[in-house]
Amino acid sequence: MKALVLAGGLGSRLRPFSHSMPKQLMPIANKPVLAHVMEDLRDLGVREAGIVVGDRGAEIARALGDGSSLGVRLTYIPQDVPRGLADCIAISRGFLGDDDFVMYLGDNLLTGGVKDIADEFRALRPAAQVVVHPVPDPRAFGVAEVDADGRVLRLVEKPQDPASDLAVIGVYFFTPAIHEAVAAIEPSARGELEVTDAIQWLVARGDDVRARTYHGFWKDTGKVEDVLLCNRKLLDGLKPSVAGDVDGTSELVGAVVVEEGARVVRSRITGPVIVGAGSVVEDSHIGPYTAIGRDCVLAAAGVEDSIMLDGARIHSVGGVHGSVIGRDATVSSQARTNRSRIVVGDHSSVVVAA
């Protein structure tokens, strides 16, 4: 089974960070979202994946390379203009051939994995199998109506009066039957080829289309709040490891990872926390659920429940909570001060008033 990963979205909800990086490269627990996706695919036994990319494709290719470090051989498939999820399948026909495949939205995070769902698809080989998740308000999603045996009776995109609470989330399994469906549908009212319409076409033809419910943690990492929530969830599984230098006056409590080349000086770190390679934490207090990227500097800082991207710096600012500090950005103060939430884009410099 091959994989098709969709990574061409603009990420408008993740600004200012999506101005300077594709949203799928946003680090969560010090690893890009796409790297988490590739690990999930590798666990399914997938060894060959196509990535549909837009105008930020070169950045994604630089980050992931040929996929060898992730255990998956990658092929990059350019999409000049976003035209819907079904269009991604259409332009990837040459790569997919007549193989079964899993389609995975590259900004989705499913920490529980979908191996059991993939195994069922391989065993039964329905024409399509969607992954659904109960949500409080399904009106913003494709919604599946399902019978007692898990067969899909109807799919409706963003219904005003949903017939169920089962939202179709960002993982789909397909046999080659989907290609005929994609070729048969017309663009929706918003001008896109909707994958929901293609799957509904299979349902209407009488093909076997199934739904499997995913009960684990799932998020579309499209907003800063969602990124921080995913960071907390992934850090909950952290195991302590110290490969860097921690001086005798510092204290590490709980699950703390100090990567090789990092230094902790006269500081207290309460996990779960990752301190990336080459970073320096000095005279600081780092609280739980903080991911510090590579080559960061924290001096006289107080940070928790936050993400610092590579090269970020915080000087003499405490009480930083629920914040994301962009690559090579600097947050400082002329005197020690306390702040709560800070969101700073890449390569920015912010001086916090005392």
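Residue numbers count from 1 along this sequence.
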Apply side-chain contact (heavy atoms from CB on, under 4.5 Å) to residues Y214 and V114 and explain how you reach the verdict. CA-CA 8 Å; Y214 171 79; V114 291; 4.1 Å; yes
So V168 and I199, side-chain contact (heavy atoms from CB on, under 4.5 Å) or not? Walk me through it. CA-CA 11 Å; V168 178; I199 299 169; 5.8 Å; no
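- Considering only residues two or more places apart in sequence or on other chains, R268 meets the side-chain contact (heavy atoms from CB on, under 4.5 Å) condition with E251, V253, T270, H285.
- Scanning both residues, P134 and T213, for their nearest heavy atoms gives CD-CG2, 3.9 Å.
- Using modelled atom types, one side-chain atom of S267 and one backbone atom of D283 make a donor-acceptor pair closer than 3.5 Å.
- Linking ILVMFWY side-chain heavy atoms closer than 4.5 Å, directly or via other members, places V182 and L105 in a single hydrophobic cluster.
- When the side chains of ILVMFWY residues are joined at heavy-atom separations under 4.5 Å, either directly or via intervening members, V303 and L238 end up in two distinct hydrophobic clusters.
- Side-chain atoms of F121 and V102, non-hydrogen and from C-beta on, never get closer than 4.5 Å to each other.
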Carefully, step by step, assess M103 and I89 under the rule side-chain contact (heavy atoms from CB on, under 4.5 Å). CA-CA 9 Å; M103 186 169 79; I89 297 173; 3.8 Å; yes
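- Within the 4.5 Å cutoff, no side-chain heavy atoms of I77 are placed close to those of I51.
- Counting heavy atoms from C-beta outward, R212 and V132 have side chains that stay 4.5 Å or more apart.
- Within the structure, no pair that satisfies the salt bridge (charged side-chain N to carboxylate O under 4.0 Å, His left out) test touches residues 61-72, not counting sequence neighbours.
- Here the side chain of T75 pairs no donor or acceptor atom with the backbone of G50 at under 3.5 angstrom.
- Taking the side chain as every heavy atom from C-beta outward, Y289 and V273 never approach each other to under 4.5 Å.
- T290 places a side-chain heavy atom less than 4.5 Å from the side chain of I292.
- Although no hydrogens or angles enter the test, the distance criterion places a donor-acceptor pair under 3.5 Å between the side chain of E259 and the main chain of A277.
- At a threshold of 4.5 Å between non-hydrogen side-chain atoms, the residues I325 and L309 do not count as touching.
- Legend: residues meeting side-chain contact (heavy atoms from CB on, under 4.5 Å) with D80, ordered by chain and number and at least two apart, are R83.
- The minimum heavy-atom distance linking G322 with L228 is given by the pair O-CD1, 3.4 Å.
- The cluster map of Ile, Leu, Val, Met, Phe, Trp and Tyr, joined by side-chain heavy atoms under 4.5 Å apart, puts L235 and L298 in different clusters.
- Residue G311 comes nearest to C296 through the heavy atom pair N-SG, 3.7 Å, listed as atom of the first residue, atom of the second, then distance.
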Candidate pair S92 and V52, rule side-chain contact (heavy atoms from CB on, under 4.5 Å), full reasoning: CA-CA 8 Å; S92 304; V52 177; 3.6 Å; yes
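- With sequence neighbours left out, the salt bridge (Lys or Arg N to Asp or Glu O under 4.0 Å) criterion links R313 to no other residue.
- For K219, the salt bridge (Lys or Arg N to Asp or Glu O under 4.0 Å) partners are D226, not counting sequence neighbours.
- For D295, the salt bridge (Lys or Arg N to Asp or Glu O under 4.0 Å) criterion is met by no residue, not counting sequence neighbours.
- The residues R190 and E192 are annotated as salt-bridged, a charged nitrogen and a carboxylate oxygen being separated by less than 4.0 angstrom.
- Here the shortest heavy-atom pairing between A128 and L202 reads CB-CD1, 4.1 Å.
- Within the model, atoms OG of S323 and CD of E304 stand 10.0 Å from one another, a figure rounded to the nearest 0.5 Å.
- Other residues, nucleotides and ligands contribute over 12 non-hydrogen atoms within 6.0 Å of the CZ atom of R47.
- Checked options D99, D87, D98; the residue passing with R93 is D98 (criterion: salt bridge (Lys or Arg N to Asp or Glu O under 4.0 Å)).
- A donor-acceptor pair under 3.5 Å is absent between the side-chain atoms of D149 and the main chain of R151, judged by distance alone.
- Using a 4.5 Å cut-off between side-chain heavy atoms of Ile, Leu, Val, Met, Phe, Trp and Tyr, with links allowed through other members, I307 and I274 fall into different hydrophobic clusters.
- Residues meeting the side-chain hydrogen bond (donor to acceptor under 3.5 Å, both in side chains) test with D310, sequence neighbours left out: none.
- Under the 30°/60° scheme for interplanar angles, the aromatic rings of F101 and F174 are found to be tilted.
- Annotation: salt bridge (Lys or Arg N to Asp or Glu O under 4.0 Å) contacts of E282 (sequence neighbours excluded): R266.
- The side-chain heavy atoms of F173 and V130, taken from C-beta on, include no pair separated by under 4.5 Å.
- A salt bridge is defined here as a Lys NZ or Arg NE, NH1 or NH2 lying under 4.0 Å from an Asp or Glu carboxylate O, and D100 with K2 fails to meet this definition.
- D119 and K115 are joined by a salt bridge, as a carboxylate oxygen and a charged side-chain nitrogen come within less than 4.0 angstrom of each other.
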Please report the C-alpha distance between D245 and R263 in whole Å, then the side-chain angles of each, then the deciding distance to 0.1 Å, and finally whether the salt bridge (Lys or Arg N to Asp or Glu O under 4.0 Å) criterion is met. CA-CA 5 Å; D245 296 325; R263 293 191 297 120; 5.9 Å; no
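- A pairwise comparison of heavy atoms in N231 and S306 identifies ND2-O, 3.9 Å as the closest pair.
- Counting side-chain heavy-atom gaps under 4.5 Å among Ile, Leu, Val, Met, Phe, Trp and Tyr, the cluster of L229 also holds F217.
- In this structure, the separation between CG on L34 and CE on M38 is 5.5 Å, given to the nearest 0.5 Å.
- Looking at S164, its side chain does come within 3.5 Å of a backbone N or O of A144 through a donor-acceptor pair.
- Smallest separation of non-hydrogen atoms from L25 and E59: CD1-O, 3.8 Å.
- For the residue pair E194/S188, the side-chain donor-acceptor check at 3.5 Å is satisfied.
- Donor-acceptor pairing under 3.5 Å is recorded for the side chains of D40 and Y104.
- Both V146 and V209 are members of a single hydrophobic cluster when ILVMFWY side chains are connected at heavy-atom separations under 4.5 Å.
- Note: D107 CG to Q24 CD = 6.0 Å, rounded to the nearest 0.5 Å.
- Remark: V246 engages V242, S250, L252, V258, V264 in a side-chain contact (heavy atoms from CB on, under 4.5 Å) (not counting sequence neighbours).
- Residue pairs meeting the side-chain hydrogen bond (donor to acceptor under 3.5 Å, both in side chains) criterion with at least one member in residues 197-210, sequence neighbours excluded: E180-R205, R205-D207, D208-R210.
- Residue-environment remark: CG (D161) stays at or below the threshold of 12 foreign heavy atoms within 6.0 Å.
- For the pair K158 and F141, the cation-pi criterion (under 6.0 Å, within 45° of the ring axis) is not fulfilled.
- Rounding to the nearest 0.5 Å places OG of S332 at 10.0 Å from CD1 of I314.
- Counting heavy atoms from C-beta on, the side chains of V5 and L41 come closer than 4.5 Å.
- By the side-chain contact (heavy atoms from CB on, under 4.5 Å) test, A299 is found to be paired with H315, residues two or more places apart in sequence or in another chain being considered.
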